[in-house]
Participant: 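Supplied in structure tokens, the structure appears directly below.
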Amino acid sequence: MKKLETFGIKPHDASLKNDGQKWSIMEKLLLGLTLDQYIGQALRNKLNWLFAIIFAIGIPVILYRFVFSLGAVTHGSYDYPWGLFLGFGLFCMVPLSASGFMLGTTVEIFGRHDFEPIERLALLNGLLGYFFAVVYLLVDLGQPWRLSYPMVYSFGPAAVLFLVGWHVATYLSVQVMEVSTAFFEWIGFQRGYDFIRKGTIGLTVSGVILSTLHQGALGALFLYAPGKVHPLWYSAPFQWILFFISSIPAGLCMVISVSTIVIYTMKWRCDKRFIDNLDWITIALAKGAAMGLSTYIIMKFIAVAHDNEWAYFFTGWGAWWWFEMLGFVILPLAILSYGIRHKLVGLCRIGAFLTVFGILLNRLNTALIAFNWQLYQEIPHYLEIIIAITIFAIYIATYRFILARLPILYKFRSQAEE
Amino acid sequence: MSKITRRKFLAASAAGGTAIMMAPTKKAFAAGSFEGFPDGMGVLVDLTRCVGCRTCEAACNKEQQLPEPAKPFDDYSVFDEIHHGQKRRTTDKAYTIVNRYELKDTEEPLYRKIQCNHCNEPACLTSCFVNAYKKTPEGAVIYDSHVCVGCRNCMIACPFHIPAYTYHSVLNPVIKKCIFCYDTRLKEGKPPACVESCPQQVMTFGKRKDLMKIAHERIKKNPGKYVDHVYGEKEVGGTGWFYISNAPFEEAGFDVHLPKKPIIDNVKDFLAIVPVVLTVWPALFTGFHLLATKGKSHGHGDDHSHDEQGGH
Ligand code: SF4
Ligand code: SF4
Ligand code: SF4
């Protein structure tokens, strides 16, 4: 892309061409480039080569899973019924996608329209994260074709997973609607756009409700396993609060991280409004994340105190707990706070990346590492790891595909002129 | 403005699908007060009598038409098997297994039969989001594999590590576990195959409440023989199958740290907040919205048309 820009070629960013003609869908898909130009830039991009390698290996493995059963790609463990697909795919992707409801709330509920340049990125981040969490789930379920059973056929309403299922499904549709405004703009369907915009507040509020509940519910799922999760990662009264609170910095930091990657690798797609506002927005988001993190730290210690688990601090698990807390919660908080005070965007970004890793570590700890701490440690099957990586690569590829096209990082010019 | 916002507010609550999302709580609380059927059957397992002959394993295999095991039932080397540092456990091909435990104080090892304990308030049942499990009035915990989606939450939830999964089935992987021989025997009031087969009369089949009395009597009448505890009387809300032993239960591989309350009790705190969030949040956030946007027709540099504000 950069190279093309030097030749004065601009990507498509308005509903009408310079000469007043409409863009066709094909032209839009090719970003307003000719086919040759498009293929040329795609081949120059090294990430595409990496994706090609991952897909070449990973997609056959995914097919292999569906042809030869789950047992063929995992250890088929009875003691670790949930492996990487849920441990990573569901428990990590969902908190990292909490961004949608938070920025939705900020902009639409609190009326902070100055955050608008990032709102759509946050919404998209939410939508894709949830969508791919469901993809991971489909790979993991024994009988994915029965996915709709808890919705339409056989209800187990006392189960936390029932709530998670319903909420993720409902919230996914809410998010599709929220992001669809960008899509309607892109295909030029003004009436659809207006229709959705009318319901924004309703959508946003239901987003908050659903998010509060299912982010917490993911934590509550582990309440079924009191003896299995190590006490330092388990707390009957606080588990859902901990999961909910930590999803706040998780979602915000994920947006900071994604916007950082975007500004360095896809700057051509960002408009001036996005680029100019990104620095202060990053710091503002970092502030939110820092507040979330400090609440989270306090709650963590309250949970330990409440269950009187201090003695575990002096065991190996205690050391591991401190590693997670010091390295990936307290350290990022310190970095974020310093960055905020001195208005150092770079530091805020580093803090955000660390926080994202911290969330990954926390969820993996709860779901896999500190799970069955009295039994043994399960190392996922290598095919399981390959599938997890492949789905993640598809996630990134989809993310990039959409960012490059829909008006997420930029604003449609025809709209601005209206 | 107020008219429009009220409509928005209603839309928000409707979008939350209040009715549906409320449902979990009611049902969970109903389940919480449930303490097993009064006339439910149970089995008392007296570990002091077990000699580790594995006859019950063979009987279960036959009764439940399970595949032939890798090692025959008279092969006692299975007691030395260690997987991941653990002794054997129930699998999709073996609903019950017997393990050997070396004790601290005596030379004599102790054998313990493991199968589903048919909990009064089963964790597997309450965790299942398609309600595949059922506690029958006879006391068995059975399940309907036709609705199982394969989320394996029940395996996470079972405090005794009982349910197993047929991971290697492509088209119809399902949960497998001991069903108290419900279909073939319990329904007709007959004792399960494993109980009947045991040459040592380790297991006594009967009404749970009667068996509980027998257990305590046996402990009282033989001072010094048993530890004074019936494992399963209180654990996780009480189980249909329960144990008495001459050795401390932790030495026989039992989890002695399980809560006395049913597993679902842990989850109730969370379920209790669900209706609160559903009813308070819409009002709260609509209120925030009104406060925050009061007097502001448009935000800074905002040029999306904001219909909810454009309407007044
Ligand atoms: S022992 Fe496990 S599988 Fe059996 S009823 Fe209890 S929770 Fe369910
Ligand atoms: S694996 Fe099947 S039986 Fe177990 S909780 Fe999930 S749907 Fe229910
Ligand atoms: S009760 Fe029936 S299914 Fe359960 S272990 Fe005994 S023989 Fe097997």
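A, B, ... follow the sequence lines: proteins, then strands. Residue 1 opens every chain.
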Participant: Give, as side chain, backbone, both or neither, the part of S77(A) having an atom under 4.5 angstrom from any heavy atom of chain B.
Facilitator: backbone

Participant: As an exercise: rank D255(B), L171(B), D144(B) by heavy-atom pairs under 4.5 Å with chain A and give me the winner.
Facilitator: L171(B)

Participant: Using side chain to side chain contact (heavy atoms under 4.5 Å, CB included) as the criterion, point out the one residue from L137(A), L161(A), V164(A) that pairs with C151(B).
Facilitator: L161(A)

Participant: Can you measure from CD1 (I201(A)) to OG1 (T286(B)) and round to the nearest 0.5 angstrom?
Facilitator: 8.0 Å

Participant: Below 4.5 Å, heavy atoms only, C-beta onward: do C148(B) and Q143(A) meet side chain to side chain?
Facilitator: no

Participant: Do the side chain of R152(B) and the main chain of Y78(A) share a donor and acceptor less than 3.5 angstrom apart?
Facilitator: no

Participant: Given 3.5 Å as the limit, does a donor-acceptor pair link the side chain of K228(A) with the main chain of I156(B), or not?
Facilitator: yes

Participant: In Å and rounded to the nearest 0.5 Å, what is the CG to CZ distance from D79(A) to R89(B)?
Facilitator: 4.5 Å

Participant: What I'd like to find out is whether the side chain of F285(B) reaches to under 4.5 Å of the side chain of S206(A), using heavy atoms alone.
Facilitator: no

Participant: Run the side-chain contact (heavy atoms from CB on, under 4.5 Å) check on V160(A) and F129(B) step by step: do they pass?
Facilitator: CA-CA 7 Å; V160(A) 172; F129(B) 72 156; over 6 Å; no

Participant: Indicate yes or no: at least one non-hydrogen side-chain atom of L213(A) is less than 4.5 angstrom from one of L278(B).
Facilitator: yes

Participant: Under a 4.5 Å heavy-atom cutoff, which of T90(B), V174(B), T91(B) has the most pairs with chain A?
Facilitator: T91(B)

Participant: Taking NZ in K234(B) as the centre, count heavy atoms belonging to other residues, nucleotides or ligands within less than 6.0 Å. Is the count above 12?
Facilitator: no

Participant: Between L163(A) and F270(B), is there a side-chain heavy-atom distance shorter than 4.5 Å?
Facilitator: yes

Participant: Can you confirm whether K260(B) is buried at NZ, in the sense that more than 12 heavy atoms of other residues, nucleotides or ligands lie under 6.0 Å from that atom?
Facilitator: yes

Participant: I want to check something: taking the side chain as every heavy atom from C-beta on, are I264(B) and Y224(A) in contact at a cut-off of under 4.5 Å?
Facilitator: yes

Participant: Among L258(B), I263(B), V236(B), which one satisfies side chain to side chain contact (heavy atoms under 4.5 Å, CB included) with P226(A)?
Facilitator: I263(B)

Participant: More than 12 non-hydrogen atoms from neighbouring residues, nucleotides or ligands closer than 6.0 Å to NE2 on H83(B), yes or no?
Facilitator: yes

Participant: Give the member of L284(B), N172(B), V280(B) that has the highest number of heavy-atom pairs under 4.5 Å with chain A.
Facilitator: N172(B)

Participant: Where does F66(A) contact chain B at under 4.5 Å (heavy atoms): side chain, backbone, both or neither?
Facilitator: backbone

Participant: Tell me, for Y234(A) versus chain B, whether the close heavy atoms (under 4.5 Å) come from the side chain, the backbone, both or neither.
Facilitator: side chain

